Amino acid sequence: MISSELISWYQSGHRKLPWRETRDPYRIWISEVILQQTRIDQGLPYYNRFIALFPDVFMLARARNSKVLKAWQGLGYYSRALNLHKTSKTIVNKYKGVFPEDYHELLKLDGIGPYTAAAVASIAYNKPYAVLDGNVARVISRLFAIRVPVNSATGKKILQQKANELLDGKRPALHNQAMMELGALICKPQAPLCSQCPLQSGCKAFNTGIELQLPVKQRNHVSQTIRIHYLLITDGQKIILSRRNSGGIWKHLFDFPAIELTTDKKLTVQQLQRKLKNYGITTFERSGSAEGLKHILTHRMLLADYSVIKTGKKLSKLRTTSNEKIVSVEDLKKYPVPRLIEKIIELAEIDRITRKRKPKAQSIRQLPVL
DNA sequence: AAGGCGGGGTA
DNA sequence: TACCCAGCCTT
């Protein structure tokens with residue numbers, strides 16, 4: 001009943017999107033992972049580039065890890081790209097390149113949770129599994145005036161149950177996409193377009209005038225500020241990159257050697273000299289800098305400074321750690337970096353600095369200036 | 001059950 | 001500012 005209204009509405013005017021033009025489970029999967037916690041407007045160009053680079057699961061499985069991350073650069077939540085790559089290899093090696101159809105089999109794959117498993121199973125294989133994402137949670141919580149927090153365990157259980165009941169078992173692919181489209185276009189968080197909603201008459205929230213109070217969400221995360229000073233250490237030809245190999249933020253992406261500071265303190269000469277001495281740098285010139293670059297993430301705010309450090313020595317003569325890489329400045333753009341680093345590279349005009357420095361080694365100023 | 005993980009758009 | 005987005009993973 002609800003589903004037929006919903007599907008009619010969907011068919012009369014949904015957005016045309018590339019992953020809706022295919023039944024290829026590979027492409028459906030890629031689109032679903034890209035769209036995890038990501039708006040369609042933001043994900044769409046990434047999807048097109050990604051499919052052009054890696055048209056099938058074999059191409060993806062064969063690709064270098066850095067190339068996959070490079071394709072993901074700027075999209076955030078980089079573990080998605082790592083899991084995507086890992087799972088492509090699983091598909092090739094364990095499933096001979098054919099995506100499993102079974103929901104529970106899909107769930108075993110890295111980076112595939114309840115939502116994505118249901119999405120792939122239903123959209124690619126038309127299996128009767130109801131998706132529950134942010135859109136669907138909002139639609140259902142309003143439809144039935146459910147006040148249980150949608151991000152609590154019990155809330156999810158209740159919503160999933162309702163989603164299962166609503167599902168059109170004969171047309172799960174259409175039904176699921178219609179639910180999400182309704183949430184995105186009509187049942188919006190801020191200003192829902194109830195007058196245009198095909199489910200208006202049966203919507204408990206609308207009928208009682210509480211649609212703006214739903215859905216209920218718990219938790220307000222505090223964001224902490226972190227100050228970090230990046231060092232762009234260059235001899236005029238090459239520069240030091242640092243590969244982030246911790247389990248934390250920007251895993252497996254590259255940034256620059258850095259000094260972490262407490263929020264209200266700036267870098268001191270002593271800190272800089274000590275850090276540089278670890279590399280074996282005793283004479284240098286600080287040829288460029290900026291401070292107070294704001295980079296806002298969901299759970300923290302980074303306040304970034306940087307200094308361009310021109311060394312007297314060739315970088316190849318320096319002591320670097322195993323996670324650090326000395327790369328030529330022209331190759332810098334080949335490495336996957338977070339947005340903040342991308343911005344710093346642009347701001348610091350690294351290539352201009354190196355061109356200027358080319359002519360003669362004796363022009364090096366050996367004054368430590370701050 | 002709670003917290004970590006990006007980046008950009010919107011009000 | 002705060003919230004939201006075709007969520008998942010670890011602890």
Side-chain angles (χ1 to χ4, degrees), chain A residues 14-15 17-20 27-47 69 72-84 86-87 106-124 129-139 149-157 160 163 173 175-185 187-192 212 215-224 244 246-253 255 294-302 336-343:
Chain A
H14 66 73
R15 292 170 288 181
L17 298 166
W19 49 87
R20 289 179 174 162
R27 297 190 179 211
I28 309 268
W29 168 57
I30 298 295
S31 73
E32 293 303 342
V33 175
I34 285 177
L35 293 174
Q36 286 168 10
Q37 293 291 282
T38 304
R39 291 167 195 278
I40 286 180
D41 288 343
Q42 189 187 2
L44 184 55
Y46 281 88
Y47 173 84
L69 274 175
W72 207 269
Q73 177 175 311
L75 197 50
Y77 288 135
Y78 297 96
S79 65
R80 290 186 293 172
L82 301 176
N83 283 330
L84 206 61
K86 190 174 174 189
T87 289
L106 287 164
L107 212 46
K108 292 179 190 167
L109 298 166
D110 291 287
I112 295 188
Y115 166 76
T116 307
V120 173
S122 67
I123 297 172
Y129 288 91
V131 297
L132 180 62
D133 72 332
N135 290 309
V136 178
R138 188 169 55 253
V139 170
V150 295
N151 51 353
S152 68
T154 50
K156 281 184 214 165
K157 194 182 288 181
Q160 183 70 62
H175 174 97
N176 277 335
Q177 295 192 76
M179 282 290 280
M180 294 190 283
E181 191 79 338
L182 187 76
L185 300 185
C187 199
K188 301 190 289 182
Q190 255 39 354
L212 291 180
V216 174
K217 293 200 173 184
Q218 63 183 18
R219 186 161 61 228
N220 38 356
H221 39 218
V222 286
S223 70
Q224 56 174 142
R244 301 187 59 93
S246 71
I249 195 173
W250 297 332
K251 185 167 69 170
H252 290 193
L253 272 70
D255 61 2
K294 267 192 195 174
H295 189 72
I296 299 166
L297 304 175
T298 300
H299 49 291
R300 67 183 68 168
M301 189 177 83
L302 298 181
V337 297
R339 279 291 283 143
L340 174 61
I341 299 302
E342 201 177 13
K343 286 174 185 168

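In this text, all values refer to a predicted model and were calculated from it rather than measured experimentally. Convention: sequence-line order gives letters A, B, ...; per-chain numbering from 1.
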Answer with base, sugar-phosphate or nothing: what part of the nucleic acid does [X] contact at a heavy-atom distance below 4.0 Å?
X: K217(A); answer: sugar-phosphate
X: S152(A); answer: nothing
X: G248(A); answer: sugar-phosphate

Between [N] ([atom2]) and [X] ([atom1]): distance, integer Å:
X: K188(A); N: dC3(C); atom1: NZ; atom2: C1'; value: 15 Å
X: Q73(A); N: dG6(B); atom1: CD; atom2: C1'; value: 12 Å
X: M301(A); N: dA2(C); atom1: CE; atom2: C1'; value: 15 Å
X: L75(A); N: dG7(C); atom1: CG; atom2: P; value: 13 Å
X: D41(A); N: dA6(C); atom1: CG; atom2: P; value: 9 Å
X: L35(A); N: dC8(C); atom1: CG; atom2: P; value: 12 Å
X: E342(A); N: dG7(B); atom1: CD; atom2: C1'; value: 12 Å
X: Y115(A); N: dC8(C); atom1: OH; atom2: P; value: 8 Å

Mind checking the CG-CD spacing from L75(A) to Q36(A)? Nearest 0.5 Å is all I need.
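The distance works out to 10.5 Å.
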
Roughly how far, to the nearest 0.5 Å, is the SG atom of C187(A) from the CD atom of E181(A)?
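That separation rounds to 13.0 Å.
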
When you measure from the side chain of [X] to the backbone N and O of [Y], does any donor-acceptor pair fall under 3.5 Å?
X: T38(A); Y: G43(A); value: no
X: N176(A); Y: V131(A); value: yes
X: Q73(A); Y: V337(A); value: yes

Between [options], spot the one nearest the side chain of [X], thanks.
X: R300(A); options: dG7(B), dC4(C), dC5(B); value: dC5(B)
X: K343(A); options: dC4(C), dA6(C), dG8(B); value: dG8(B)
X: R138(A); options: dG7(B), dC5(C), dG7(C); value: dC5(C)
X: W19(A); options: dC5(C), dA6(C), dG6(B); value: dA6(C)
X: Q37(A); options: dC5(B), dG7(C), dG8(B); value: dG7(C)
X: Q42(A); options: dC5(B), dG8(B), dA6(C); value: dG8(B)

Do the side-chain N or O atoms of [X] get closer than 4.0 angstrom to the phosphate oxygens (OP1, OP2) of [N]?
X: Y78(A); N: dG7(B); result: yes
X: Q36(A); N: dC5(B); result: no
X: R80(A); N: dC8(C); result: no
X: W250(A); N: dG7(B); result: yes
X: T38(A); N: dG8(B); result: no
X: H299(A); N: dC5(B); result: yes

Please compare A153(A) and S79(A) by the position of their nearest nucleotide in DNA chain B and report the one closer to 5'.
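Upstream on the strand: A153(A).
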
Result of checking Y46(A), Y47(A), W29(A) against W19(A) for ring-ring contact (aromatic ring centres under 6.0 Å, His included)
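Single pass found, and it is Y47(A).
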
I'd like a list of close polar pairs between nucleotides 9-11 of chain C and the protein, N/O only, cut-off under 3.5 Å.
from, atom 1, to, atom 2, distance (Å)
dC9(C), OP1, G111(A), N, 2.5

Salt bridge flag under 4.0 Å for residues E32(A) and R80(A):
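Salt bridge flag = no for R80(A) with E32(A).
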
Please state whether the base of dG6(B) and the side chain of Y77(A) form at least one donor-acceptor pair under 3.5 Å?
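Such a pair exists between side chain and base.
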
Distance-only donor-acceptor test, T298(A) side-chain atoms vs dG6(B) base atoms, 3.5 Å:
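Counting by modelled atom types and ignoring angles, a donor-acceptor contact under 3.5 Å is found here.
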
Before giving the answer on side-chain contact (heavy atoms from CB on, under 4.5 Å), spell out for R15(A) and R20(A) the whole-Å C-alpha distance, their side-chain angles and the decisive distance to 0.1 Å.
CA-CA 9 Å; R15(A) 292 170 288 181; R20(A) 289 179 174 162; 3.9 Å; yes

Atom pairs under 3.5 Å: protein N/O with N/O of nucleotides 9-11 of chain B:
none

